[in-house]
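Here the structure is laid out as structure tokens; the discussion comes afterwards.
Fair warning: this is a prediction, and the values are worked out from it, not measured in the lab.
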Amino acid sequence: MTTPTLLVLGTDPLPRLGRLTGRVRVEYADESTLAARLPSADVLLVWDFTSHAVRAAWPGGGPRPRWVHTASAGVDHLLCPELAASDTVVTNARGVFDGPIAEYVAALVLAFAKDLPRTLTFQRERTWRHRESRRLAGTRACVVGSGPIGRAIAGTLEALGVTAALVGRAPRDGVHGPEDLDRLLARADWVIAAAPLTESTRGMFDARRFGVMQPSAYFVNVGRGQLVVEEALAEAVRRRWIAGAALDVFETEPLPPDSPLWRLPGLVVSPHMSGDTVGWRDELRAQFVELFELWAAGRPLVNVVDKQRGYVPGH
């Protein structure tokens with residue numbers, strides 16, 4: 001049997017392949033070498049999931065890998081028309097980030113409810129200022145994105161006494177459709193964006209949507225930066241159309257040092273870290289090894305992305 005070639009797009013720390021060692025021929029590529037090495041690869045592992053190199057390199061000539069796996073939940077960074085139209089199977093890291101992101105969102109919601117950002121500011125200023133904080137129990141959340149991450153967020157918030165409504169691509173049992181979104185936004189204390197980036201979700205949180213929300217509502221984005229029109233969000237926070245916001249993802253990453261978002265009062269900025277907990281790379285590596293075993297045995301893969309929709313269907 002011919003030894004398959006695994007091409008890894010990534011930077012340090014590179015994945016350790018464990019029991020696959022010696023069973024595959026491993027090659028490495030970066031943005032400058034990916035196009036030249038794609039034709040010789042049977043499998044492409046997109047370890048650097050911040051790179052858009054696949055979108056640029058895939059349309060070139062020659063054979064293409066039969067399977068592409070990305071070590072991320074989102075696939076918008078690699079899908080291009082040529083890849084979407086091909087027979088290549090695309091899988092993602094569904095399941096690795098659900099719990100960590102849900103915990104991160106819960107931490108942000110608690111921090112806003114208990115006014116922790118201002119507490120830390122007052123401490124630095126040595127200012128004693130007593131305030132009242134909010135109880136989470138009895139508040140309402142609207143979670144946009146009904147996949148595993150969105151469901152984990154809703155479940156974690158409900159454990160804290162929050163009533164959470166899920167909004168997905170289409171209505172079904174326990175999930176609202178897009179036609180209910182504005183009504184749910186108008187009632188929500190917490191609006192959480194956790195949807196995949198598709199043509200229908202790009203820019204969905206714009207000035208009109210922020211205008212629908214309550215002045216006491218907080219907005220959190222752990223999905224994709226392009227879900228949000230950042231200028232509209234900044235204006236909504238600045239004008240107090242909403243109470244505040246937290247962004248873990250941005251239109252441009254890393255967020256440029258001169259971006260006004262860094263200095264916007266009422267906005268919490270974090271560097272795309274909501275799903276990255278201690279040991280997360282080991283979980284991603286183990287998941288890929290398990291998938292490779294299925295692929296090598298000719299068995300059906302799991303976490304297969306619908307390349308037309310841009311996410312794994314069935315949730």
Side-chain angles (χ1 to χ4, degrees), residues 1-11 13-30 33-49 51-99 147-149 151 169 196 198 275 279-315:
M1 178 179 177
T2 304
T3 302
T5 297
L6 168 63
L7 181 61
V8 180
L9 172 63
T11 55
L14 292 168
R16 295 174 295 155
L17 297 177
R19 64 179 181 266
L20 298 185
T21 302
R23 297 170 53 193
V24 296
R25 181 185 300 109
V26 183
E27 297 181 358
Y28 297 95
D30 57 22
T33 60
L34 179 64
R37 295 183 178 176
L38 272 178
S40 63
D42 297 296
V43 178
L44 173 63
L45 169 58
V46 184
W47 190 248
D48 180 6
F49 51 79
S51 172
H52 289 76
V54 176
R55 293 177 61 91
W58 196 273
R64 288 295 180 260
R66 291 172 284 161
W67 169 36
V68 174
H69 177 75
T70 179
S72 61
V75 296
D76 51 277
H77 60 292
L78 58 88
L79 282 183
C80 60
E82 292 80 4
L83 174 53
S86 73
D87 293 332
T88 296
V89 176
V90 176
T91 57
N92 72 354
R94 179 188 185 195
V96 172
F97 300 106
D98 310 353
I149 291 174
R151 294 201 305 270
R169 180 174 178 270
T198 66
W280 66 290
R281 288 185 177 88
D282 289 335
E283 290 187 50
L284 289 171
R285 175 195 57 78
Q287 182 186 58
F288 174 73
V289 169
E290 294 296 330
L291 285 169
F292 192 94
E293 296 280 17
L294 293 175
W295 179 82
R299 297 168 59 190
L301 291 168
V302 296
N303 291 6
V304 175
V305 173
D306 182 321
K307 293 183 291 182
Q308 303 305 317
R309 296 183 182 182
Y311 55 86
V312 178
H315 52 65

Can you tell me how far apart OG1 (Thr70) and CG (Asn303) are? Round to the nearest 0.5 Å.
11.5 Å
Closest non-hydrogen atoms of Pro300 and Leu294, given as atom of the first, atom of the second and distance, are O-CD1, 3.8 Å
Quick one, Glu293 with Leu20, criterion side chain to side chain contact (heavy atoms under 4.5 Å, CB included). Give me CA distance, side-chain angles, the key distance, then yes/no.
CA-CA 9 Å; Glu293 296 280 17; Leu20 298 185; 4.3 Å; yes
Salt bridge or not between Glu290 and Arg19? Use side-chain N to carboxylate O under 4.0 Å.
yes
Write down the atom of Ala93, the atom of Gln287, and the distance for their closest heavy-atom approach.
CA-OE1, 3.0 Å
Asp87/Arg64 ion pair, N-O < 4.0 Å:
no
Between Val305 and Gly310, which heavy-atom pair has the shortest distance, and what is it?
CG1-C, 4.1 Å
Aromatic ring pairing Phe97/Phe49, orientation class (parallel under 30°, perpendicular over 60°, tilted between):
perpendicular
Quick check for you: to the nearest 0.5 Å, what is the distance between Leu79 atom CG and His52 atom NE2?
11.0 Å
Is the Phe288 ring parallel, tilted or perpendicular to the His69 ring (thresholds 30°, 60°)?
tilted
Check for a donor-acceptor pair, side chain of Asn92 on one end and backbone N or O of Ala73 on the other, with a separation under 3.5 Å.
yes
Heavy-atom side-chain contact between Leu38 and Pro65 under 4.5 Å
yes
Working note: Trp58 + Leu78, criterion side chain to side chain contact (heavy atoms under 4.5 Å, CB included); need CA distance, chi angles, decisive distance, verdict.
CA-CA 9 Å; Trp58 196 273; Leu78 58 88; over 6 Å; no
Could you grab the distance from atom OH of Tyr28 to atom CG of Leu9, nearest 0.5 Å is fine?
12.5 Å
Working for side chain to side chain contact (heavy atoms under 4.5 Å, CB included), residues Val89 and Leu301:
CA-CA 9 Å; Val89 176; Leu301 291 168; 4.0 Å; yes
Option among Leu284, Leu45, Asp282 that satisfies the side chain to side chain contact (heavy atoms under 4.5 Å, CB included) test with Pro15:
Leu45
For Arg94 versus Val312, what's the shortest heavy-atom pair and its separation?
NH1-CG1, 3.6 Å
With side chain to side chain contact (heavy atoms under 4.5 Å, CB included) as the test, would you mind laying out the steps for Phe292 and Val24 before giving the verdict?
CA-CA 10 Å; Phe292 192 94; Val24 296; 3.0 Å; yes
Side-chain heavy-atom pair Leu6, Leu17 within 4.5 angstrom cut-off
yes
Looking at side-chain heavy atoms only, is the closest gap between Thr91 and Val302 below 4.5 Å?
no
Does Asp30 use its side chain to pair, donor to acceptor, with the backbone of Thr33 at less than 3.5 Å?
yes
If you define the side chain from C-beta out and look only at heavy atoms, does anything of Trp47 sit under 4.5 Å from Arg281?
yes
Mind checking what makes side chain to side chain donor-acceptor pair (under 3.5 Å) contact with Arg309, not counting sequence neighbours?
none
For a 4.5 angstrom cut-off between non-hydrogen side-chain atoms, does His77 reach Val46?
yes
Search all heavy atoms of Ser86 against all heavy atoms of Lys307 and return the closest pair with its distance.
O-NZ, 2.6 Å
About how many Å separate CG of Leu34 and CG of Leu44, when rounded to the nearest 0.5 Å?
6.0 Å
